[in-house]
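Notes to accompany the following structure.
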Amino acid sequence: MEQFKVKPIGKVKVDGDKSSIVLSEEYRPALAGLDGFGYIQVLWWFDGCDSEESRRVLREEKPYRNGPNAMGIFATRSPMRPNPLGLSSACVTGIDYDSGELTLVYIDARNGTPVLDIKPYTPSIDRVEQPVVPGWCAHWPQNVEQSGEFDW
């Protein structure tokens, strides 16, 4: 099996209600031109779930309150996966180019989580105008702004 080398570019920082991403110094020049984008896509590593056992999980039993009794892992947002990758859309409220810190409204990752990549959110590529979801999760929030208040 082919192996890939992945190198974190920074870490998630959560301090009370404040969320941010702090980039390693060597990657701070890569922030140039990011100002003006209101949202970013953050690819991160579920480091707390990275074990051989977690990587072998292919099914989850009752992962969602109103969902099916069992689901394949690729139909869930579970951290237990063959490759423990997380993907989040995050609202950017500030960029400090000198310190390499991006201030966010929220990110669903814990303090110290390794960040692998950041991409600007652009509706022309990232937005799906009419998403289709199974009936059991049709009552979920329709966007990231509403999901913070939702009782998952």
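In this chain, residues are counted from 1 in sequence order.
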### Query
What salt bridge (charged side-chain N to carboxylate O under 4.0 Å, His left out) pairs are there with at least one residue in residues 80-93, not counting sequence neighbours?
none
### Nearest-0.5 Å distance, CD1 of residue Ile40 to CG of residue Leu104
5.5 Å
### Query
Passes side chain to side chain contact (heavy atoms under 4.5 Å, CB included), Leu116 versus Leu85? Steps please.
CA-CA 9 Å; Leu116 303 178; Leu85 296 170; 3.6 Å; yes
### Message
Other members of the hydrophobic cluster containing Val133, with the 4.5 Å side-chain heavy-atom rule, please.
### Response
none
### Query
Taking Met71 as the fixed residue, which of Pro134, Ser78, Pro63 is the one that meets the side chain to side chain contact (heavy atoms under 4.5 Å, CB included) rule?
Pro63
### Task
With sequence neighbours excluded, give me every salt bridge (charged side-chain N to carboxylate O under 4.0 Å, His left out) pair touching residues 43-57.
Asp47-Arg110, Asp50-Arg55
### Task
Kindly write out the residues that satisfy side chain to side chain donor-acceptor pair (under 3.5 Å) with Ser51, not counting sequence neighbours, or none if the list is empty.
Ser54
### Message
The criterion is side chain to side chain contact (heavy atoms under 4.5 Å, CB included); which residues satisfy it with Gln146, sequence neighbours excluded?
### Response
Pro141, Gln142, Asn143
#### Entry: Qualifying salt bridge (charged side-chain N to carboxylate O under 4.0 Å, His left out) pairs, either residue in residues 61-80, two or more places apart
Arg65-Asp151
### Message
So, using side chain to side chain donor-acceptor pair (under 3.5 Å) as the criterion, who are the partners of Tyr106 when residues are at least two apart?
### Response
none
#### Entry: Residue pairs, two or more places apart or on separate chains, that pass salt bridge (charged side-chain N to carboxylate O under 4.0 Å, His left out) and touch residues 82-92
none
### Query
Hey, are the side chains of Val42 and Leu102 touching, using non-hydrogen atoms and a 4.5 Å cut-off?
no
Side-chain atoms of residues 120-132: list all donor-acceptor pairs with protein atoms under 3.5 Å, sequence neighbours left out, distances to 0.1 Å.
from, atom 1, to, atom 2, distance (Å)
Asp126, OD2, Thr122, N, 2.9
Arg127, NH2, Glu129, OE2, 3.4

### Query
Should Ile95 and Leu34 be marked as a side chain to side chain contact (heavy atoms under 4.5 Å, CB included) after you check the CA-CA gap, both sets of side-chain angles, and the distance that decides it?
CA-CA 8 Å; Ile95 303 172; Leu34 192 59; 4.1 Å; yes
### Message
Go through it in stages, so that I can follow the logic: the residues are Glu60 and Thr76, the test is side chain to side chain donor-acceptor pair (under 3.5 Å), and I'd like the CA-CA distance, side-chain angles, deciding distance and then a yes or no.
### Response
CA-CA 8 Å; Glu60 284 274 335; Thr76 75; 5.7 Å; no
### Task
Can you tell me which residue pairs pass the ring pair (Phe, Tyr, Trp, His ring centres under 6.0 Å) test with a partner in residues 62-85, sequence neighbours excluded?
Tyr64-Trp136, Tyr64-Trp140
### Task
Decide whether Tyr97 and Val92 are clustered together by the hydrophobic rule: side chain heavy atoms of Ile, Leu, Val, Met, Phe, Trp, Tyr closer than 4.5 Å, transitively.
yes
### Message
Show me the pairs that pass ring pair (Phe, Tyr, Trp, His ring centres under 6.0 Å) and involve residues 34-57, at least two apart or across chains.
### Response
Trp44-Phe46
Just distance, no hydrogens or angles: give the donor-acceptor pairs under 3.5 Å from side chains in residues 2-26, sequence neighbours left out.
from, atom 1, to, atom 2, distance (Å)
Ser20, OG, Glu101, OE2, 2.7
Ser24, OG, Ile9, O, 3.3

